[in-house]
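Order of listing sets the numbers, starting from 1, for every ligand and every atom in it. Computed from heavy atoms alone, side chains included, the values below leave out hydrogens, waters and symmetry copies.
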Amino acid sequence: MLKERDLHGVYVPIVTPFDEGGEVDAASFYNQAYNLFQDEVDGLVVNGTTGESPTILSEELGVLFAAAQAAREASNVSVPLVVGTGTNDTLSTVRRTEQAGKLGADAALVVVPYYNKPSQQGIIEHFRRIASVGLPVILYEVPHRTGVKLELDTVRTILELEGVIGMKDSTPNTQLVTELSRLGSKPVLCGEDSLLLEALQSGAKGVMSASANVETERFVAFYRHFLAGQYEKSRELFEELLPLIRLLFQEPNPAPIKWLLEQQGIIESGTLRLPLLPVTEGLRAKLASYV
Ligand SMILES: O=C(O)C1=N[C@H](C(=O)O)C[C@H](O)C1
């Protein structure tokens with residue numbers, strides 16, 4: 001199981017490929033996972049936002065996790081496998097977290113409960129209950145998706161819970177990571193791709209980046225140079241990646257990423273499950289130079 005001290009580096013929330021009929025395509029998923037391991041990522045997130053978690057059934061989670069394990073074994077690496085288990089209902093999140101534990105996950109990524117707009121105390125109680133399952137929990141704060149924003153004290157309270165090992169911060173600036181680093185909190189990974197460099201400079205211990213599904217080697221190199229104190233090189237690499245990052249988020253994630261992976265022959269089809277739609281012709285033309 002993943003420990004607080006090991007939560008760092010480049011984590012990639014892998015896409016969930018579907019065939020043209022909309023069924024999970026485990027062979028394509030395996031290919032993408034295998035490539036990510038070859039490119040030396042530090043962690044894989046199965047069923048994250050980029051994995052279209054709101055559309056994935058619990059029985060499909062088992063298929064995806066088995067493919068991730070097989071790719072890890074074939075790559076002969078010991079990279080942690082994190083599973084997204086968060087929903088807006090505490091009981092179903094408990095069940096999904098228990099399921100992830102039984103599958104052999106190293107940790108659960110648990111999003112702040114969305115849509116029902118709980119109070120700060122309600123959110124704390126949600127995390128207290130999930131942390132009691134026994135699988136290490138990574139708090140996932142993404143207010144523009146959930147509709148609720150955590151206060152600093154709420155984040156601190158959740159991070160102090162036994163069993164919570166760190167957080168993924170997808171807020172639109174680096175205030176939170178700066179404040180948490182100043183206070184010496186558990187590790188924070190940046191989940192806002194345009195801010196990856198700024199977040200590392202502000203104390204983040206790594207990134208959880210959807211964009212790193214493509215150009216993975218370059219994202220890994222950017223992080224490794226930063227870690228080695230080669231800040232100029234790291235900045236140079238990040239500035240080269242920024243135009244791509246901006247294109248990948250010009251339409252709902254992960255449609256642009258899936259289109260690129262299909263064009264590169266890594267996944268069979270860029271199919272998404274509704275309500276997400278494939279990328280427009282206009283964006284395809286802009287992405288074409290990255291194929
Ligand atoms: O799936 C994820 O994890 C991420 N998703 C974010 C999003 O789609 O908003 C972006 C971030 O790179 C990580």
**Fill in**
Closest non-hydrogen atoms of L274 and T55, given as atom of the first, atom of the second and distance, are O-CG2, 4.2 Å
**Message:** Tell me every residue that passes ring-ring contact (aromatic ring centres under 6.0 Å, His included) with F249, counting only those two or more places apart in sequence or in another chain.
**Reply:** none
**Request:** Run the salt-bridge test on E239 and R246 with the 4.0 Å N-O cut-off and return the result as yes or no.
**Result:** no
Distances only, to 0.1 Å: what are the N or O pairs between ligand 1 and the protein that fall under 3.5 Å?
{"residue": "ligand 1", "atom": "1 (O)", "partner": "T49", "partner atom": "N", "Å": "3.2"}
{"residue": "ligand 1", "atom": "1 (O)", "partner": "T50", "partner atom": "N", "Å": "2.7"}
{"residue": "ligand 1", "atom": "1 (O)", "partner": "T50", "partner atom": "OG1", "Å": "2.7"}
{"residue": "ligand 1", "atom": "3 (O)", "partner": "K168", "partner atom": "NZ", "Å": "2.2"}
{"residue": "ligand 1", "atom": "8 (O)", "partner": "R145", "partner atom": "NH2", "Å": "2.8"}
{"residue": "ligand 1", "atom": "8 (O)", "partner": "N253", "partner atom": "ND2", "Å": "2.6"}
{"residue": "ligand 1", "atom": "9 (O)", "partner": "R145", "partner atom": "NE", "Å": "3.1"}
{"residue": "ligand 1", "atom": "9 (O)", "partner": "R145", "partner atom": "NH2", "Å": "3.1"}
{"residue": "ligand 1", "atom": "12 (O)", "partner": "D193", "partner atom": "OD1", "Å": "2.7"}
{"residue": "ligand 1", "atom": "12 (O)", "partner": "D193", "partner atom": "OD2", "Å": "3.3"}
{"residue": "ligand 1", "atom": "12 (O)", "partner": "A210", "partner atom": "N", "Å": "2.8"}

**Request:** Mind jotting down which residue pairs meet the ring pair (Phe, Tyr, Trp, His ring centres under 6.0 Å) criterion with at least one end in residues 185-234? Sequence neighbours excluded, please.
**Result:** F222-F238, F226-Y231
**Asked** Which pairs count as ring pair (Phe, Tyr, Trp, His ring centres under 6.0 Å) when at least one residue sits in residues 13-66, sequence neighbours excluded?
**Response** none
**Message:** Between R96 and D89 (salt bridge meaning N to carboxylate O under 4.0 Å), is one present in this structure?
**Reply:** no
